[in-house]
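The next block holds one structure in the form of structure tokens; read it before the comments.
These values consider heavy atoms only, across backbone and side chains, with no hydrogens, waters or symmetry-generated copies. None of these values were measured; they are calculated from a predicted model.
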Amino acid sequence: METEKKPCLAIVVPCYNEEPVLEQTTQHLLAVLEGMQEIVSHDSRILYVDDGSHDATWSMIEQLHAEDRRIAGISLAHNSGHQNALMAGLTTAIRFADLTVTIDADLQDDETVIKEMVQLALQGNDIVYGVRSSRATDTWFKRTTAQAFYRLMGKMGVKTVYNHADYRLMSRRAVEALLHYEERNLFLRGLVPLLGYKTAQVEYARKERQAGESKYPLTKMLNLAFDGITSFSMSLVHMVLWLGLIFLLIALGITIWVIVCLVQHKAITGWSSLILSIWFCSGCVLIGLGIVGEYIGKIYMEVKRRPRFNIKDERL
């Protein structure tokens, strides 16, 4: 009786200046592969994506590949950003992998639950989300803003998985479907749930970062959040429209009040309130123009259809 073919697994790891953690990450992920030999193919491998690092990250990937063929890597021509680096890894992994796991290189996501993800995939789930069981390792500020972000996305109609970042498993057909989404303003946490395939979740406790610095400071987190909102929701534009209608009603009320004062021969005073109103309304108009401009800017970036990344070198 012919035995069932084991799926080939690719663990895609985006890297940006990850020299301090790369060797330790490799040891942990190789241990994961060795612990899954009974359920995944011997051709399974780790795929590092060097996102234009300025340190020795790529040379270390080349050395690791020379020492162990289970370690592969691609080098992007310039820093394309975390989301584009993930897409570059998925685009490459689909050439040989049946299952693909994406995980960051900072050793904070619990790599030991990858085996559980694979087992759930073998049960028919095309997407398995790694979901944090708590945010105990986060600062109060990061925990509060993250929770507010997920609630805001939900209010605006964007489908996301609460406490899930980019730690997930995807089947070959799920990755192929994702690659059909050609937008340049990537927010994978919102795109993947749109695929509609059968999903499951695995909870894990997030660890402290072992070395190096976070590649997602506050400014990048804010940019990612704004990309997520403007890429999936028209709510901000609708808010501007409703705000404009409210201002029109207020203006109508003020007009009626002015007419009443003229009929009653009452002096119209309150220059300070008038100036304050002008500044307030002007600020709201500028905010509205900025929001609309953001959408127009994204349209501008999309219609140019520039490539999201360029691969400079690879070791497969």
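- Taking hydrophobic clusters as Ile, Leu, Val, Met, Phe, Trp and Tyr residues chained together by side-chain heavy-atom distances below 4.5 Å, Tyr197 does not share a cluster with Val128.
- Of all non-hydrogen atoms in Pro14 and His82, the two that sit nearest each other are CG-NE2, 3.8 Å.
- Sorted by first then second residue, the salt bridge (charged side-chain N to carboxylate O under 4.0 Å, His left out) pairs that include residues 85-99, not counting sequence neighbours, are Arg95-Glu314, Asp98-Arg172.
- Listed by chain and number, the residues in a side-chain contact (heavy atoms from CB on, under 4.5 Å) with His54 are Tyr16, Asn17 (sequence neighbours excluded).
- Side-chain contact between Leu120 and Met117 is absent, with no heavy-atom pair separated by less than 4.5 Å.
- By the rule that hydrophobic residues join a cluster once side-chain heavy atoms approach within less than 4.5 Å of another member, Ile74 and Met170 end up as members of one cluster.
- Hydrophobic clustering (side-chain heavy atoms under 4.5 Å, transitive across Ile, Leu, Val, Met, Phe, Trp, Tyr) groups Val13 together with Ile61.
- Residues passing the salt bridge (Lys or Arg N to Asp or Glu O under 4.0 Å) test with Glu111, sequence neighbours excluded: Lys207.
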Self-check item: Step-by-step side-chain contact (heavy atoms from CB on, under 4.5 Å) determination, Asn84 to Leu186
Solution: CA-CA 7 Å; Asn84 286 322; Leu186 281 175; 3.2 Å; yes
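- Note that CG of Leu47 is 9.0 Å distant from CG of Leu90, once rounded to the nearest 0.5 Å.
- Taking CZ from Arg69 and CG from Leu316, the interatomic distance works out to 10.5 Å, rounded to the nearest 0.5 Å.
- Residue Arg168 forms a side chain to side chain contact (heavy atoms under 4.5 Å, CB included) with just one option from Val202, Leu188, Val101, Thr199, and that option is Leu188.
- Residues that satisfy the side chain to side chain donor-acceptor pair (under 3.5 Å) test with Glu62, not counting sequence neighbours, are Trp58, Arg315.
- Here the CD1-CZ distance, from Ile46 to Arg70, works out to 7.5 Å after rounding to the nearest 0.5 Å.
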Quiz item: Should Thr91 and Leu179 be marked as a side-chain contact (heavy atoms from CB on, under 4.5 Å) after you check the CA-CA gap, both sets of side-chain angles, and the distance that decides it?
Solution: CA-CA 7 Å; Thr91 303; Leu179 295 180; 3.6 Å; yes
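- Residue pairs meeting the salt bridge (charged side-chain N to carboxylate O under 4.0 Å, His left out) criterion with at least one partner in residues 42-52, sequence neighbours excluded, are absent.
- By the side chain to side chain donor-acceptor pair (under 3.5 Å) test, Ser171 pairs with Asp126, sequence neighbours left out.
- Considering only residues two or more places apart in sequence or on other chains, Asp55 meets the salt bridge (Lys or Arg N to Asp or Glu O under 4.0 Å) condition with none of them.
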Quiz item: Taking it one step at a time, do Thr112 and Tyr204 satisfy side-chain contact (heavy atoms from CB on, under 4.5 Å)?
Solution: CA-CA 9 Å; Thr112 61; Tyr204 68 96; over 6 Å; no
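- Under the 3.5 Å distance criterion, the side-chain polar atoms of Thr25 are matched with a main-chain donor or acceptor of Ala105.
- Within a 6.0 Å sphere centred on CD of Glu176, heavy atoms belonging to other residues, nucleotides or ligands number more than 12.
- The two residues Ala85 and Leu76 have their closest heavy-atom pair at CA-CD1, 4.1 Å.
- Contact record, Val12 with Gly89: CG1-CA, 3.7 Å, taken as the closest heavy-atom pair.
- Considering CD of Glu67 and OG1 of Thr26, their distance stands at 9.5 Å, rounded to 0.5 Å.
- Remark: Gln27 engages no residue in a side-chain contact (heavy atoms from CB on, under 4.5 Å) (not counting sequence neighbours).
- Using modelled atom types and a 3.5 Å distance limit, the side chains of Thr57 and Tyr48 yield no donor-acceptor pair.
- Taking each heavy atom of Ser44 and Leu9 in turn, the nearest pair found is OG-N, 2.9 Å.
- Atoms CD1 and CG, from Ile103 and Asp109 in turn, are 5.0 Å apart once rounded to the nearest 0.5 Å.
- Annotation: the span from Thr92 atom OG1 to Met87 atom CE amounts to 11.0 Å, rounded to 0.5 Å.
- By the neighbour-count criterion of 12 heavy atoms within 6.0 Å, atom NE2 of His180 is sparsely surrounded, having that number or fewer from other residues, nucleotides or ligands.
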Quiz prompt | Residue pair Ile114, Leu169: steps toward the side-chain contact (heavy atoms from CB on, under 4.5 Å) verdict | solution = CA-CA 8 Å; Ile114 292 178; Leu169 176 145; 5.8 Å; no
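- Between the Asp106 side chain and the Gln108 main chain, a donor and an acceptor come within less than 3.5 Å of each other.
- A pairwise comparison of heavy atoms in Lys198 and Gly124 identifies CD-O, 3.7 Å as the closest pair.
- Taken together through direct or relayed side-chain contacts under 4.5 Å among Ile, Leu, Val, Met, Phe, Trp and Tyr, Leu22 and Val49 form parts of separate hydrophobic clusters.
- With Thr102 contributing its side chain and Asp166 its backbone, the two residues share a donor-acceptor pair below 3.5 Å.
- Phe309 meets the ring pair (Phe, Tyr, Trp, His ring centres under 6.0 Å) test with no other residue; sequence neighbours excluded.
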Quiz prompt | salt bridge (charged side-chain N to carboxylate O under 4.0 Å, His left out) between Asp110 and Arg206, worked out | solution = CA-CA 6 Å; Asp110 186 3; Arg206 191 167 170 86; over 6 Å; no
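- The shortest heavy-atom contact between Ala97 and Ala10 is CB-CB, 3.6 Å.
- Sorted by first and then second residue, the ring-ring contact (aromatic ring centres under 6.0 Å, His included) pairs involving residues 85-132 (not counting sequence neighbours) are Tyr129-His164.
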Would you mind writing out the side-chain donor-acceptor pairs for residues 32-39 within the sub-3.5 Å range, not counting sequence neighbours?
unit_1, atom_1, unit_2, atom_2, d
Glu38, OE2, Lys115, NZ, 3.1

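- The side chain to side chain donor-acceptor pair (under 3.5 Å) test applied to Gln119 returns no partner, not counting sequence neighbours.
- In terms of hydrophobic clustering, with Ile, Leu, Val, Met, Phe, Trp and Tyr side chains grouped at heavy-atom distances under 4.5 Å, Ile11 and Leu64 are assigned to a common cluster.
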